[in-house]
Amino acid sequence: ILAKGLEVSVARISAAPAGLDPAAGDDEELVFDGPGARATEALKRYEEAIAAEGTSSIGLVASLGKARAHLDLGEHEEAAALYSAFLDSAGEELEMLVPNAVEGLVYAYEGQGKVAEAAPKLEAIAGDEAPSSARMASYHLARIARAGGDDDKAAGLLRGVLDSYEEEGD
């Protein structure tokens, strides 16, 4: 069931071929005529997965997909609530998805005009051992600092991101 939501989330967006009904599960490649149509179908499929899986790990992963679909539809409050619930519920088994949920929460808060509220969660992962998580957190903290008028802090955070790439030789 989760795979059906994932399939829609990455489906191509273009003019849908005549006669293709993605929602009907046609055997053809899924193609949507816009991001809204794709997000609406993904939302439906993730809701089915959540209904079937509840608060299991699969259900929690489906809730991340559902949150993303809400973001794509401009439904920032719903997305923020789902990302927050994931962060409150995710155990060690789903620890690797926490940075993704935090980044989604940043965008959901930004859509509500309150991106700074994500700062504490970003700061918690800025020192993450996984360089990609730390870089993502530092990048968003720099955006928050810049929006708040602290250009020096923003520049320092971004310099740190660049330095981390140089240290790895990337």
Side-chain angles (χ1 to χ4, degrees), residues 2-3 5-11 13 35-36 38-40 42-43 45-47 49-50 53-170:
L2 176 59
L6 293 170
E7 177 185 32
V8 171
S9 294
V10 298
I13 296 174
R38 181 175 68 184
T40 298
L43 186 62
R45 293 188 186 199
Y46 285 125
E47 286 171 346
I50 293 166
E53 298 295 333
T55 58
S56 69
S57 293
I58 292 173
L60 288 172
V61 171
S63 74
L64 286 179
K66 182 178 176 182
R68 178 60 204 205
H70 279 296
L71 269 184
D72 290 345
L73 291 168
E75 299 168 352
H76 301 107
E77 288 181 29
E78 293 86 344
L82 286 163
Y83 284 123
S84 293
F86 176 87
L87 292 168
D88 291 342
S89 303
E92 193 172 305
E93 182 179 277
L94 297 175
E95 180 180 346
M96 75 293 259
L97 295 175
V98 166
N100 301 66
V102 170
E103 186 169 35
L105 187 62
V106 168
Y107 290 122
Y109 280 160
E110 186 170 28
Q112 297 176 66
K114 53 184 188 178
V115 69
E117 290 186 29
K121 297 212 182 288
L122 288 165
E123 289 164 353
I125 61 172
D128 198 305
E129 290 181 22
S132 61
S133 297
R135 290 175 188 140
M136 177 275 298
S138 294
Y139 164 75
H140 286 294
L141 286 168
R143 291 178 56 230
I144 292 168
R146 173 76 174 99
D150 193 342
D151 292 346
D152 291 338
K153 181 177 181 179
L157 286 163
L158 292 174
R159 262 193 299 282
V161 170
L162 292 174
D163 290 348
S164 75
Y165 279 111
E166 289 176 4
E167 290 170 10
E168 280 191 0
D170 292 339

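Small disclaimer: the values here were computed from a predicted structure and weren't measured. Hydrogens, waters and symmetry mates are skipped; everything else that's a heavy atom, side chains included, is used.
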S.K.: Please find the pair of heavy atoms, one from A126 and one from L141, that lie closest to each other, and give the distance.
M.R.: CB-CD1, 4.1 Å
S.K.: Within a strict 4.5 Å, meaning less than it, do heavy atoms of the D163 and V161 side chains meet?
M.R.: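 Contact flag for D163/V161 side chains = no.
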S.K.: Please report the shortest heavy-atom distance between A79 and A67, naming the atom on each side.
M.R.: CB-O, 3.5 Å
S.K.: Side chain to side chain contact (heavy atoms under 4.5 Å, CB included) between L105 and F86: does it pass, once the steps are laid out?
M.R.: CA-CA 10 Å; L105 187 62; F86 176 87; over 6 Å; no
S.K.: Would you indicate whether the side-chain heavy atoms of I125 and K121 approach each other to under 4.5 Å?
M.R.: no
S.K.: Looking at side-chain heavy atoms only, is the closest gap between I144 and L122 below 4.5 Å?
M.R.: yes
S.K.: Would you confirm whether S63, through its side chain, and L60, through its main-chain N or O, come within 3.5 Å as a donor-acceptor pair?
M.R.: yes
S.K.: Do the charged groups of D72 and R68 touch, with an N to O distance under 4.0 Å?
M.R.: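 A salt bridge links D72 with R68.
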S.K.: Begin with the C-alpha distance, continue with both residues' side-chain angles, and end with the deciding distance and a verdict on side chain to side chain contact (heavy atoms under 4.5 Å, CB included) for V102 and N100.
M.R.: CA-CA 5 Å; V102 170; N100 301 66; over 6 Å; no
S.K.: List the atom of A80, the atom of Y109, and the distance in Å for their closest heavy-atom pair.
M.R.: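 In terms of heavy atoms, the two residues are closest at CB-CE2, 4.0 Å.
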S.K.: Apply side chain to side chain contact (heavy atoms under 4.5 Å, CB included) to residues R143 and V106 and explain how you reach the verdict.
M.R.: CA-CA 10 Å; R143 291 178 56 230; V106 168; 4.0 Å; yes
S.K.: Sequence neighbours left out, what pairs pass ring pair (Phe, Tyr, Trp, His ring centres under 6.0 Å) with at least one residue falling in residues 123-158?
M.R.: Y107-H140
S.K.: Count the heavy atoms belonging to other residues, nucleotides or ligands that lie under 6.0 Å from CZ of R146, then report whether that count exceeds 12.
M.R.: no
S.K.: Compare all side-chain heavy atoms of L82 with those of L64 and state whether any distance is below 4.5 angstrom.
M.R.: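 Not touching, per the 4.5 Å side-chain cut-off.
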S.K.: Give a yes or no answer on whether the side chain of S84 reaches the backbone of A81 with a donor-acceptor pair at less than 3.5 Å.
M.R.: no
S.K.: Show the nearest heavy-atom pair for residues A101 and L87, with the distance to one decimal.
M.R.: CB-CD2, 3.7 Å
S.K.: Quick one: does any side-chain atom of H76 pair with a main-chain N or O of G74 as donor and acceptor, under 3.5 Å?
M.R.: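 Here the side-chain-to-backbone pair exists.
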S.K.: Is there side-chain contact between E117 and Q112, with at least one heavy-atom pair below 4.5 Å?
M.R.: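 Not in contact.
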S.K.: Side chains of V8 and Y46, heavy atoms from C-beta outward: is any pair under 4.5 Å?
M.R.: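 No. Closest side-chain heavy atoms not under 4.5 Å.
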S.K.: So which atom in L71 and which in G104 form the shortest heavy-atom distance, rounded to 0.1 Å?
M.R.: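 That closest heavy-atom pairing would be CD1-O, 3.9 Å.
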S.K.: Considering non-hydrogen atoms only, spot the tightest contact between G59 and E53 and give its length.
M.R.: N-CB, 3.6 Å
S.K.: What is the distance from atom NZ of K153 to atom CG of D151, rounded to the nearest 0.5 Å?
M.R.: 12.5 Å
S.K.: Hey, could you give me the CG/CD1 distance between L43 and I50, rounded to the nearest 0.5 Å?
M.R.: 8.5 Å
